[in-house]
Asker: 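Below is the structure I would like to discuss, written out as structure tokens.
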Amino acid sequence: MNALVTPLLVSLTLFVASPAWAHGEEAHAKKTGPVVKEQKAWGIAGDARAVRRTIAIAMSDNMRFTPASIEVNQGDTVRLTLTNTGKVMHELVMGTQQELSEHAALMKRFPNMEHEEPYMAHVAPGKTGEIIWTFNRPGDFEFACLLPGHFEAGMVGKILVKASTGAKP
């Protein structure tokens, strides 16, 4: 019995202890299958058929986004086209200031963390990615590159979602 338990415990320990997260310079595989639409404070994953506007955002090695701020109307479904003009991996993650700060702190602790949500895109050097998002909640939000050192260097942008006429706050 003991001869069976020991290898099982070792295997379990290695499985639990091995990081399931990986987030370095390597490219991320896109999820196959449907996008999980989860309501966030800044909106919900959008449907490509509903896109009425495309906003191009460049990410550079000077740790800046261009443009550094975008303005949309509540209810807009937007395609964000993200171009990495640099030589290192960059990402764009949308969220509230508090959520992005917390996520950035977690990324510092676990720099190889892998995550793939519809409100984020990882873009390899010289490549282009996209996010399709419906901004169905008004407010002031942010986007940032949360790779270690990038957020701290100021790689952050602003999103203003203007309330639609007659919308409830």
Asker: What's the spacing between Tyr119 OH and Glu38 CD if we round to 0.5 Å?
Answerer: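 Between Tyr119 OH and Glu38 CD, I get 6.5 Å after rounding to 0.5 Å.
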
Asker: Quick check: are there more than 12 heavy atoms from other residues, nucleotides or ligands sitting under 6.0 Å from CD of Gln97?
Answerer: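 No, the 6.0 Å shell around CD holds no more than 12 heavy atoms from other groups.
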
Asker: Does a side chain donor of either Gln39 or Asn136 reach within less than 3.5 Å of an acceptor in the other side chain?
Answerer: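 Their side chains do contain a donor-acceptor pair, which is all the 3.5 Å distance test asks for.
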
Asker: Working to the nearest 0.5 angstrom, can you tell me the gap between His103 NE2 and Gln98 CD?
Answerer: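 So the gap between those two atoms works out to 14.0 Å.
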
Asker: Between Leu160 and Trp42, is there a shared hydrophobic cluster once you connect ILVMFWY residues whose side-chain heavy atoms come closer than 4.5 Å?
Answerer: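 Different clusters: Leu160 never reaches Trp42 through Ile, Leu, Val, Met, Phe, Trp or Tyr contacts under 4.5 Å.
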
Asker: Quick one: CD on Glu130 to CG on Leu80, what's the gap to the nearest 0.5 Å?
Answerer: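 Answer rounded to 0.5 Å: 9.0 Å.
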
Asker: Does any part of the side chain of Val123, heavy atoms only, come nearer than 4.5 Å to the side chain of His90, both counted from C-beta?
Answerer: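 Counting from C-beta outward, His90 and Val123 never come under 4.5 Å.
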
Asker: Report yes if the side chains of Val78 and Ile70 come closer than 4.5 Å at any heavy-atom pair, otherwise no.
Answerer: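 No. Closest side-chain heavy atoms not under 4.5 Å.
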
Asker: Decide side chain to side chain contact (heavy atoms under 4.5 Å, CB included) for Lys37 and Asp47; before the verdict, give the C-alpha distance in whole Å, the side-chain angles of both, and the deciding distance to 0.1 Å.
Answerer: CA-CA 10 Å; Lys37 292 188 175 192; Asp47 183 343; 4.1 Å; yes

Asker: Do the non-hydrogen side-chain atoms of Leu92 and Phe65 ever get within less than 4.5 Å of each other?
Answerer: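 Sidechains of Phe65 and Leu92: in contact.
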
Asker: Tell me the closest heavy-atom pair linking Gly95 and Phe141, and the distance in Å.
Answerer: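 Heavy atoms only, the tightest pair is O-CB, 3.6 Å.
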
Asker: Are Thr85 and Ser60 close enough that some pair of their side-chain heavy atoms sits under 4.5 Å apart?
Answerer: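 Counting from C-beta outward, Thr85 and Ser60 do come under 4.5 Å.
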
Asker: Work out which heavy atom in Pro67 is nearest to a heavy atom in Ala56; give both atom names and the distance.
Answerer: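 Closest approach of Pro67 to Ala56: CD-O, 3.3 Å.
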
Asker: So, for Arg53 and Asp76, which heavy atoms are closest and what is the spacing to 0.1 Å?
Answerer: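 Here Arg53 and Asp76 meet closest at NH1-OD2, 4.3 Å.
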
Asker: Any donor-acceptor pair under 3.5 Å linking the side chain of Gln74 with the backbone of Ser164?
Answerer: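 Flag set: sc Gln74 to bb Ser164 pair under 3.5 Å.
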
Asker: Given side chains that start at C-beta, do those of Lys40 and Met94 come closer than 4.5 Å, heavy atoms only?
Answerer: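 Counting from C-beta outward, Lys40 and Met94 never come under 4.5 Å.
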
Asker: With a 4.5 Å heavy-atom cut-off, do Phe143 and Ile159 have their side chains touching?
Answerer: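 Yes, side chains in contact.
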
Asker: Can you find a pair of side-chain heavy atoms, one from Leu100 and one from Val156, that are under 4.5 Å apart?
Answerer: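 No, their side chains stay 4.5 Å or more apart.
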
Asker: Can you tell me how far SG of Cys145 sits from CZ of Arg64, rounded to the nearest 0.5 angstrom?
Answerer: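 These two atoms lie 11.5 Å from each other.
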
Asker: Between the main-chain N or O of Leu146 and the side-chain N or O of Glu91, is there a donor-acceptor pair closer than 3.5 Å?
Answerer: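 Judged by distance alone, yes, a pair lies under 3.5 Å.
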
Asker: Under the side chain to side chain contact (heavy atoms under 4.5 Å, CB included) criterion, do Lys127 and Asn84 qualify, and how do the steps go?
Answerer: CA-CA 6 Å; Lys127 301 293 183 188; Asn84 183 344; 5.7 Å; no

Asker: Ignoring hydrogens, what is the shortest heavy-atom contact between Ile132 and Ala48? Give both atom names and the distance.
Answerer: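 Reported closest heavy-atom pair: CD1-CB, 3.6 Å.
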
Asker: Answer with yes or no whether the hydrophobic clustering places Phe151 together with Leu106; edges join I, L, V, M, F, W, Y residues whose side-chain heavy atoms lie under 4.5 Å apart.
Answerer: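 In one cluster with Phe151: Leu106, yes.
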
Asker: What heavy-atom pair brings Pro138 and Lys162 nearest, and what distance separates the two atoms?
Answerer: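 Reported closest heavy-atom pair: CB-C, 4.4 Å.
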
Asker: Decide yes or no for Thr77 and Trp133: does some side-chain heavy atom of the first lie under 4.5 Å from some side-chain heavy atom of the second?
Answerer: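 No, side chains not in contact.
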
Asker: What pair of heavy atoms forms the shortest contact from Pro148 to Met107, and how long is it?
Answerer: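 That would be CG-O, 3.6 Å.
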
Asker: Is there a path from Ile55 to Met120 through hydrophobic residues (I, L, V, M, F, W, Y) whose side chains come within less than 4.5 Å of each other?
Answerer: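 Looking at the clustering, Met120 is in the same group as Ile55.
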
